[in-house]
Amino acid sequence: MTHDPRQFRAALGSFPTGVTIVTTLDNAGEPVGVTASSFNSVSLDPPLVLWSVAKSSKSLDAFCSSGHFAIHVLSAGQEDMSNRFARSGEDKFGGVDWRKGEAGSPVLGEYAALFECRTMHQYEGGDHVILVGEVLSFDQSEAPPLVFHGGRYAETRSRPDGQGDETVDIEHGRFTDDFLFYLLSRAHFQASRPARETYEAMRIGQTEYLVLSVLSMASPASPQTIAERLEHTGLCTGPDMLAAMEEDGWLVSDAEGYSLAPRGRECLVRTLSVAKAFETDLLDQLTPGEIHEAKRLLKKIIDLTGPDIPIGWRGSDNRA
């Protein structure tokens, strides 16, 4: 029986798979790696896993002769990494965070799960070679896995188990420290603390500081425009407060509205400098994948909860 290869591939694509990057060293001791979705478990005792490498792959000899390999189950934020290792003819490890693992295979800095293996068996599998490895060590993170389905990347989404949300106890009016809104709020207040202490030391409050921020993005602005752009924060401004800020030297005004005075711009620059330094120190403790996934998640939450937020708070869409 003959099959149309494209139709066969499409039928196989109906089965969702995870995405992995498998790495090893070539005969010269250089790192090699490929993207693969053929990973599967074989045995728990002894711990065995398998994957397959195409006979046409330039890395075939390395994987068949090295005696070891590391399988990285990619996390949902690693699409770029998957694409990078799926391509041939380039330095896949250039600029990538990796270390030599227990068996000698390159271990990437980020993953949803990791399996470091010693090659146990090799089998012919049509246009692929099937490699079975004994798991020497493994690791797992809390990151959701990257999924491939129907020829494109997808996301996993857990179904409700009927037991309710254990992070919130509505009956008794309490929540745990896994409550998403609590985590978002606490992260915001802790991360913004250095900036907050900076502008408070200059004897300015949060509302006044946000007024300066609004005017740094688009000015001059009328009192009504300023109030509209701060409406989503729950903080209120009014003509009296703006007049007081002008009297204290934070703002200047003309017929078109309010703008930053030199003192206001100095406050903003000083505060942003402190915030940027804190951000740099914080990001140094995160992997590029963690940063990418955090930004992706926060942007998605913003899009889902604030479609009516004024343009002045929407990044590259800012305009006066």
Side-chain angles (χ1 to χ4, degrees), residues 3-24 31-42 48-60 62-63 69-98 105-117 123 125-133 135 138-159 287-297 299-300 303-304:
H3 300 282
D4 184 322
R6 290 175 297 179
Q7 292 181 350
F8 184 54
R9 181 186 295 272
L12 291 174
S14 299
F15 181 66
T17 64
V19 183
T20 71
I21 289 176
V22 189
T23 60
T24 191
V32 297
V34 296
T35 299
S37 58
S38 55
F39 168 68
N40 213 329
S41 62
V42 176
L48 301 176
V49 296
L50 66 77
W51 73 289
S52 61
V53 56
K55 291 181 178 178
S56 60
S57 172
K58 295 180 179 179
S59 304
L60 176 65
F63 283 110
F69 55 83
I71 298 176
H72 306 77
V73 178
L74 298 186
S75 62
Q78 292 187 283
E79 292 182 17
D80 290 344
M81 188 72 74
S82 171
N83 294 333
R84 179 189 187 105
F85 277 81
R87 293 189 290 265
S88 61
E90 66 176 60
D91 181 10
K92 299 179 182 180
F93 287 85
V96 173
D97 176 28
W98 67 277
S105 298
V107 172
L108 303 179
E110 183 194 358
Y111 45 76
L114 168 69
F115 302 90
E116 296 189 66
C117 305
Y123 301 108
D127 56 4
H128 281 63
V129 173
I130 301 170
L131 300 175
V132 179
V135 178
F138 65 92
D139 188 26
Q140 182 181 13
S141 73
E142 296 182 356
L146 181 63
V147 177
F148 200 74
H149 175 250
R152 65 188 64 184
Y153 294 113
E155 295 182 358
T156 58
R157 184 170 297 181
S158 300
R159 298 179 64 179
T287 67
E290 288 173 331
I291 297 170
H292 172 81
E293 181 61 16
K295 289 182 177 180
R296 186 191 71 84
L297 177 60
K299 288 178 181 178
K300 187 169 185 177
D303 287 340
L304 291 174

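All residue numbers refer to positions in the sequence shown, counting from 1. Note that these values count all heavy atoms, side chains included, but never hydrogens, waters or copies made by symmetry.
Take Asn40 and apply the side chain to side chain donor-acceptor pair (under 3.5 Å) test, not counting sequence neighbours, and it matches no residue. Remark: Tyr111 engages no residue in a ring-ring contact (aromatic ring centres under 6.0 Å, His included) (not counting sequence neighbours). With sequence neighbours left out, the side chain to side chain contact (heavy atoms under 4.5 Å, CB included) criterion links Leu60 to Val53, Lys55, Cys64, Val129. Partners of Phe138 by ring-ring contact (aromatic ring centres under 6.0 Å, His included), not counting sequence neighbours: none found. The side chain to side chain donor-acceptor pair (under 3.5 Å) check on Asn83 picks up Tyr153, with sequence neighbours excluded. In this structure, the ring-ring contact (aromatic ring centres under 6.0 Å, His included) partners of Phe93, at least two apart in sequence or on a different chain, are Phe85, Trp98.
Looking at Met81 and Ile21, their side chains come closer than 4.5 Å, going by heavy atoms from C-beta outward.
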task: Could you go through the side-chain contact (heavy atoms from CB on, under 4.5 Å) check for Thr24 and Ser105 one step at a time?
output: CA-CA 4 Å; Thr24 191; Ser105 298; 4.1 Å; yes
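Residues Glu110 and Ser75 bring a donor and an acceptor atom of their side chains to less than 3.5 Å of each other.
In this structure a side-chain-to-backbone donor-acceptor pair under 3.5 Å is missing from His72 to Ala113. The backbone N or O of Gly33 lies less than 3.5 Å from no partner atom in the side chain of Thr23, so there is not a single donor-acceptor pair. With hydrogens and angles ignored, the 3.5 Å screen pairs no side-chain donor or acceptor of Lys92 with any backbone N or O of Val32.
Nearest heavy atoms, Ser82 versus Thr35: O-OG1, 2.7 Å.
Ring centroids of Phe39 and Phe115 are separated by less than 6.0 Å, placing the two rings close together.
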